[in-house]
Amino acid sequence: MTTARITLASTTRPKTARGRRRQSDGSRVLPYIFLGILIVYFLIPIWWLFVASTKDVTGLFQGTSGALWFDKNFALGSNLADLFTYNDGIYLRWLGNSVFYSLTAGVGATILSVLAGYGFAKFRFFGRRFFFAVLLGSVMVPLTALVIPDFILLSDLNLTDTIWAVILPSLLNPFGVYLMQVYIKDAVPEELLEAARIDGAGEFRTFIQVAFPLMRPAFVTVLLLSIVGTWNNYFLPLAMLQNTQLYPITVGIGLWEGQASANNGGGHSLWGLIIVGALVSIIPLIIAFLSLQKYWQGGLSIGAVK
Amino acid sequence: MKSTPMKGNTVKKKALLAALTAVAVAGLLAACSTGGGSTTSSGTSPKLSNCSNKYVYPKAPEVSVWGWYPNMKLVVDNFNKLHKDVQICWNNVGQGGDEYTKVQTAITAKKGLPDVVMLEADHLATYEIQGALVDISKLGADKVKSNFSAGAWNDVSGAGGSVYAAPVDGGPLALIYRTDIFKKYGITPPATWDEYAADAAKVKAAGGPLFGDFGANVPALTMALQIQKGANPFTYSSADGKKIKIDLDDKTSQDVLNYWAGLVANKEVGTSDQFTTDYISGVVGGKYATYVSAAWAPGYLTGAGVGKGASSGVWAVAPLPQWDTSNPVQTNWGGSAFAVTNQATDKKLAAEVALGIYADPASLKDGWTNQIIFPLNQSILKSDAFLSNQSAFFSGQTANKDVYVPAENAYKGINYSPLTVYYYAQLQAESTKINQGKETGSQAAAAVQASLVKYAQGQGFTVTK
Amino acid sequence: MANADATLAGSPARASTRTITPRRGSKAGERRRGRVGWLFIAPFAIVFIVFLIAPLAYAFYLSLYTKGLATGGVPVFSGLDNYIQAFTDPVFLGGVLFVAHFALVLIPVQMVISLAVALVLDAIVTRFTRFARLMIFLPYAVPAVIGALMWGFLYSPSFGPLTQLFGANAPFPLSPDNIFYGLMNVVTWQWAGYYMIIIYAALRGIDPTLYEAARIDGANAWQVAWRIKVPMVSSALVLILVFALIGTLQFFTEPAILTQVSNGSITLGFTPNIYAFNQAFQYSNVNYASALSFSLGIVVFIAVYIFLFATRKRGGFLR
């Protein structure tokens, strides 16, 4: 059965059978050591970032307790205060911009993906296969090829150095369309749509009322992937924006790094700000992932399970 | 099951409506959130709607400026307070290379440059040859020429009396050193490069720290040191912009690279890139006895946390070592100027800004007292306050009078080429190979020469040597 | 119209005959619905054409011209000269060789790690393994820029912990001899968790009765993993591999960020993408840079095609 192929991990498996089998597993020490080592490996950089965030400039460059442990002076509070007030609180502005860009572009890209995925999956029309092939091929285009033409295009529209220069190109998510297409093809039965049509529902009503509710896992996954994609975006806003007030957090921290390397803080050490700024910037996404895990974990296997 | 056949027409309409709604929803979502994006937007002039500063006289015409001086905000406010007829709309789009990337993008796209842009003198020719800069000699620059030394003015001038930027600060080179280390190993500041090498060997033999650093990522410094010995890397004039003389592997250029390659090979100087956290850690931690750098270096080091805590009160500065003390040569690293771009809407007004920004006494004073900049304006260089200033970083030493002002006054200027970016990249790559022990100084010089000649020819220049 | 009909009845529509119940007038209905399908795709198609196809066409146009600093900024048509130059440019070819080598070493390592973790996590479900799953996935939530910045700090000999851990002779992971592994570590850290989650999700999607059957046949845990689980998730593996391959050949962000702290190990032509970026933004060779980008696109396309051809039995991806 096709629908069984794409399933949500946590919900579908009969728990009892699984549990019984599990208990029969023998030695668990080895896997635990293996996982333990990996956890340490994956967490060390974040641990370092946290520790470094608690140090003042002297502690960072002249500290005696080493890079992986706290200095005498626990300065996290003053570092955070410094971070949020430096340059009239530009950091918070950047953080807000990142949230704003990723939500608008993420939602927009997801809506476009859902519509297009539905169109590709459930309609037969001239040029469908060709366009779909072009769409998949587009993943292979190096970004550097696009930046200058994109810049020229947007500046012709007087849109460079505006929020649109970041949002509009980010609406493009070919992979999202692919995911939706694969999912919809299997998860939305043709018979159901046919029945709705026979009932007299218009195409859009059929889409909204019948098809859309069945797409939710894929929708959430594509939404999350689009949001993360925009949140992590660096190259595009770097090229498009001049006004520092419009920077997302990644470009903002990049700006600070460039300035720190050339004494641009004007007697104000930026290294500390960069480190504590990096720490704060990864918190929103971590929270989002941890709290939404039951939605995305299953969805990620779309397009992979056959 | 109810079956109500529908007319195709209605289906079409409904579907069309559906798709339109979808587009509208997407548009609306984006549109209603624009409010969150920009608070300073005025909406009338898209180019100037986004400034990092506030206007003092909001009704005056605006001029957009990019600049990265650390105290830029104060400088811009000072300017705006003093000018009822024009207001600066300022942005910091990055320091040095980061900004140049944006400048080059905007030149390529023929859109997106500000009216006035901060550039280092060594980059002027690169943008001038692309037609991106405006000659401001007749727009007021000639009138302020007398405020600057011949060398400083030479650095911003093109052929036939043209001027492409208003100079603000310079970077006369000197030798910064650690008094504690010098005392411990019984040495005094070297007057010549031979003495420098001898002291380096002495400290090394006594088990001391590295004597200095040959950073591959500061090619402008390497070039300045080559020029000090008599090298003349480029001969170029915008009067005949298709011709260029490239001489990067003459005896003096090779000598200087071989000199540093020797110190590197003996492990007497470090090979770390500069301006990195690692390098700062080293400087703070006493890993280097000297730091060959420009007059703006103390401000840089202070900002990075040097001169505080364990590393306070140990710094002093001496004149740059010479190759021939009977014929001393001073040279320069860095320093910036404001240029008017060809995309400026009102070039005259833009020139007023380029010449007026960072030229008022309050801004200059803030700059030099914090040792962020070394001003080029002679009214400052000659003032008592400047000359008698006791540098906090150098433990009260009158560094301006003793070292930096004489160095600046003796500086003759450098003939920069439009190939600066590529040249620096190649010099950096070859210096890296020296540091890795893969090349001698002579080999590096020859490689840079060959690469530059090929590049220049590819760009359509007639190259001579 | 007749033309469109013919196409619909031809190859592209073959799949549809299976799913749609044939009935009187269904062809007209299909045609009508086909147009509706376009309407659903239209918003995406507009964005796709404006922000991808049009810029690409323009970049291709640029790549056919040359322009020099000393030639007055007038572009001269030069046909495929830029491409000939690119494929004979030792820097570009060196970059391609590097990323190809990098992909060949990195991707198998990443796959083995993520597959191993996914299999362990699938086999053992406790509070600890759930925690492990999240922690290993965590780096995916860190933007690549921040991740690279962080590793740059950690790699710094006197600023990071290496000297402290290994003494004065601590290795510098960005030295010319170590840079390959230094970068591999950053990328593995960033992406292995994400790949692991995809494989894990695919593993959870397998019908568990298959295991029961295998067990009755006397298969042990290793055999179940190797004979049933891995083949069942092979299309997930193919999908990941394709994206890892594309991403690695276009390697850019991490080396670009680490350039500043690499002490010269990361050169201006380190990867093809970095080279193209520097040609465009540093040396003002936009035309040559466009040609480099397209040349890289060609390399990526060929690599992916070869890969998919080699694994065509395994996955249904790109069908």
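Lettering of chains follows the sequences in order, A, B, ..., and the numbering in each one begins at 1.
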Could you tell me which of [options] has the largest number of non-hydrogen atom pairs under 4.5 Å with chain C?
| options | result |
| --- | --- |
| W69(A), Y41(A), W231(A) | Y41(A) |
| V114(A), T250(A), I274(A), D150(A) | D150(A) |
| V134(A), L285(A), L38(A), L172(A) | L172(A) |
| L168(A), L290(A), I253(A) | L168(A) |
| F130(A), F131(A), F151(A) | F131(A) |

Do [X] and [Y] come within less than 4.5 Å of each other through their side chains, counting heavy atoms only?
| X | Y | value |
| --- | --- | --- |
| L153(A) | Y58(C) | no |
| L225(A) | L179(A) | yes |
| L138(C) | F42(A) | no |
| P248(A) | N233(A) | no |
| W271(A) | E257(A) | yes |
| I46(A) | M150(C) | yes |
| L121(C) | L35(A) | yes |

Side chain, backbone, both or neither: which part of [X] has a heavy atom under 4.5 Å from chain C?
| X | answer |
| --- | --- |
| V177(A) | side chain |
| I286(A) | both |
| L193(A) | neither |
| I249(A) | neither |
| F123(A) | side chain |
| I283(A) | neither |

Next item on the list: Let me know which of F207(A), F125(A), F120(A) forms a ring-ring contact (aromatic ring centres under 6.0 Å, His included) with F40(C).
Entry: F207(A)
Which answer fits [X], side chain, backbone, both or neither, if we ask what part of it has an atom under 4.5 Å from a heavy atom of chain A?
| X | answer |
| --- | --- |
| F48(C) | both |
| V117(C) | both |
| N185(C) | both |
| I53(C) | side chain |
| Y140(C) | both |
| L56(C) | both |
| A45(C) | both |
| L162(C) | neither |

Notebook entry, point to check: Is there a donor-acceptor contact under 3.5 Å linking the side chains of T271(C) and N273(C)?
Noted result: no
Name the option with the most non-hydrogen atom pairs under 4.5 Å to chain A; the candidates are [options].
| options | result |
| --- | --- |
| P143(C), P139(C), A280(C) | P143(C) |
| T253(C), I136(C), V142(C) | I136(C) |
| F153(C), F131(C), Y61(C), W151(C) | F153(C) |

Checklist line | Lys/Arg N to Asp/Glu carboxylate O, E194(A) vs R197(A), below 4.0 Å | finding: yes
Checklist line | Residue pair L171(A), F51(C): steps toward the side chain to side chain contact (heavy atoms under 4.5 Å, CB included) verdict | finding: CA-CA 9 Å; L171(A) 291 177; F51(C) 289 106; over 6 Å; no
Next item on the list: Using atom types as modelled and distance alone, determine if a side-chain donor or acceptor of D122(C) lies under 3.5 Å from a backbone N or O of A118(C).
Entry: no
Item checked: Donor-acceptor contact below 3.5 Å, side chain S114(C) vs main chain Y195(C) -> no
